[in-house]
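The figures that follow rest on heavy atoms only: side chains count, while hydrogens, waters and symmetry mates do not.
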Amino acid sequence: MGCLTLSATQASAGAPRALPAPAETAAALPVVNMEATVLAAQIDPRRADNTLTPGAKDSVLAVERALQARNLLDARWVDGYFGTTTIKAYAAYQRSLGHTGLAANGLPGASSLATLGQGRFTVSHVIKPGPTVQRGGYVVNTRTQAMLTETERLLGRRLVLSQGSYNPGGDPTSAGTHDGGGVVDIKVDGMSADTRTAVARALRQVGFAAWVRSPAQGDWPWHIHAVAINDTDQATQAQNQVGDYYLGFNGLANHRPDDGPRIPIRTWEDYQRTH
């Protein structure tokens, strides 16, 4: 029997080496957190300095390195800061894929980000606005629809829209914010001041940048303007409003301090993880 027994070392040497599983190979690549990356792409261009968005640096660096490898971004801008130069580079990359309009808005979408990452990084925390649906005669995407439905549940009341999303040129006073996805105006007829504030607070709670707008601020009636944070279909003007919201401003051209209810800022995905 002794001559038929291999030592552990001999057995190991003679056995074929197992190939790494696909999951193990993928795990070796950097991981880009899409939620953090898109958030940085909304906030960083609105900063007065080059402060990095917390939790986004590594993901943004991976995206910028991939853009640099495609000769779309100079090395000096590979810094973890998703400012206007990186936005323009990403939009150029989207156009190189044949995308136009909202699909080339400079915000990393799920499809373009996955393509950019091939062989370079994997993508986690994927965001998808979803297809468009009708809500009270207005167009919104399914992510926005879900956010509004949850807001109604929190408030115990129905919300009526006065303007939806994907409405280019529909209302000149909106300055293009409704041209893309994730943006709605809500009627406040018959609401008290306290109720208007409560609605804005609930909208913020589920992941909107939301403000009560008065006739004193512009050529419009009382309403609530809400922008879904991290909606990758946003028009540039809506992206800017999200960035301003995070930085403590009111989302208007006058760039005044935020006049809405103060609560911890979160995205829809953050809200879902805790409820």
Side-chain angles (χ1 to χ4, degrees), residues 42 46 129 132-231 233-268 271:
Q42 294 162 105
R46 305 299 288 175
T132 58
V133 295
Q134 288 284 326
R135 183 182 179 92
Y138 295 96
V139 178
V140 297
N141 60 46
T142 51
R143 183 175 181 267
T144 304
Q145 173 84 304
M147 294 170 69
L148 290 170
T149 299
E150 176 62 8
T151 304
E152 290 178 325
R153 188 191 71 79
L154 292 175
L155 291 167
R157 66 181 298 149
R158 181 170 171 265
L159 299 178
V160 178
L161 302 187
S162 58
Q163 188 175 182
S165 308
Y166 307 101
N167 187 31
D171 184 350
T173 66
S174 297
T177 55
H178 291 260
D179 288 6
V183 184
V184 296
D185 286 346
I186 296 169
K187 289 184 178 180
V188 297
D189 298 351
M191 290 186 189
S192 67
D194 286 346
T195 300
R196 292 194 297 258
T197 299
V199 172
R201 181 181 293 109
L203 287 163
R204 289 184 172 200
Q205 185 177 343
V206 305
F208 285 99
W211 299 273
V212 178
R213 299 299 196 209
S214 75
Q217 295 172 312
D219 185 19
W220 49 59
W222 282 96
H223 67 282
I224 295 174
H225 180 70
V227 185
I229 301 166
N230 270 15
D231 188 307
D233 277 356
Q234 287 173 358
T236 299
Q237 299 88 333
Q239 297 174 33
N240 292 342
Q241 287 187 319
V242 170
D244 285 353
Y245 174 57
Y246 267 86
L247 297 174
F249 298 103
N250 64 2
L252 292 173
N254 60 29
H255 216 55
R256 290 181 178 170
D258 183 11
D259 56 6
R262 299 303 178 91
I263 67 168
I265 299 176
R266 66 181 67 180
T267 67
W268 171 236
Y271 178 84

Heavy-atom nearest pair, Ala235 first then Gly180, reads CB-N, 3.8 Å
Considering all heavy atoms, the nearest Gln205-Tyr271 contact: O-CD1, 3.4 Å
Identify the two heavy atoms, one from His255 and one from Phe249, that lie closest to each other, and give their separation to 0.1 Å. O-CD2, 3.4 Å
For atom CG of Asp219, is the number of surrounding heavy atoms from other residues, nucleotides or ligands below 6.0 Å larger than 12? no
Side chains of Ser192 and Thr195: donor-acceptor distance under 3.5 Å anywhere? yes
Report yes if some heavy atom in the side chain of Gln241 is under 4.5 Å from a heavy atom in the side chain of Trp211; otherwise report no. yes
Just verifying a value: how many Å separate Glu150 CD and Leu155 CG, rounded to the nearest 0.5 Å? 10.0 Å
Given side chains that start at C-beta, do those of Val140 and Val133 come closer than 4.5 Å, heavy atoms only? yes
Gln217 CD to Leu252 CG distance, which is reported to the nearest 0.5 Å: 5.5 Å
Between Trp222 and Arg213, is there a donor-acceptor pair closer than 3.5 Å when you use the side chain of the first and the backbone of the second? no
Is there a side-chain contact between His223 and Gln163 (heavy atoms, below 4.5 Å)? no
Regarding Asp171 and Asn167, is there a side-chain donor-to-acceptor distance under 3.5 Å anywhere? no
Working for side chain to side chain contact (heavy atoms under 4.5 Å, CB included), residues Arg135 and Thr149: CA-CA 10 Å; Arg135 183 182 179 92; Thr149 299; 3.6 Å; yes
Minimal heavy-atom distance between Ala200 and Val212, with the atoms involved, is CB-CG2, 4.1 Å
Where do Val139 and Tyr166 come nearest, in terms of heavy atoms and distance? CG1-CD1, 3.9 Å
Just so I know, are the side chains of Arg157 and Met191 near enough to count as touching, which here means a heavy-atom distance under 4.5 Å? yes
Quick check for you: to the nearest 0.5 Å, what is the distance between Thr132 atom OG1 and Gln145 atom CD? 11.0 Å
So, Asp194 versus Thr197: side-chain donor-acceptor pair below 3.5 Å or not? no
Is there side-chain contact between Leu159 and Val184, with at least one heavy-atom pair below 4.5 Å? no
So, taking the atom named OG in Ser162 and the one named OH in Tyr138, what distance separates them when rounded to the nearest 0.5 Å? 6.0 Å
Working to the nearest 0.5 Å, report the span between OH of Tyr245 and CG of Asp258. 7.0 Å
When rounded to the nearest 0.5 angstrom, what is the spacing between CG in Asp231 and CD in Gln42? 8.5 Å
I'd like to know if the side chain of Gln234 reaches the main chain of Ala228, judged simply by a donor and an acceptor atom lying under 3.5 Å from each other, with no hydrogens or angles considered. yes
Considering all heavy atoms, the nearest Ile224-Ala210 contact: CG2-CB, 4.5 Å
Are the side chains of Thr144 and Trp268 in contact, using a 4.5 Å heavy-atom criterion? no
Quick check: do His225 and Thr177 have side-chain heavy atoms less than 4.5 Å from each other? yes
With heavy-atom distances below 4.5 Å as the criterion, would you say the side chains of Tyr246 and Ile229 are in contact? yes
Keeping the roles fixed (side chain from Arg46, backbone from Asp244), state whether a donor-acceptor pair exists under 3.5 Å. no
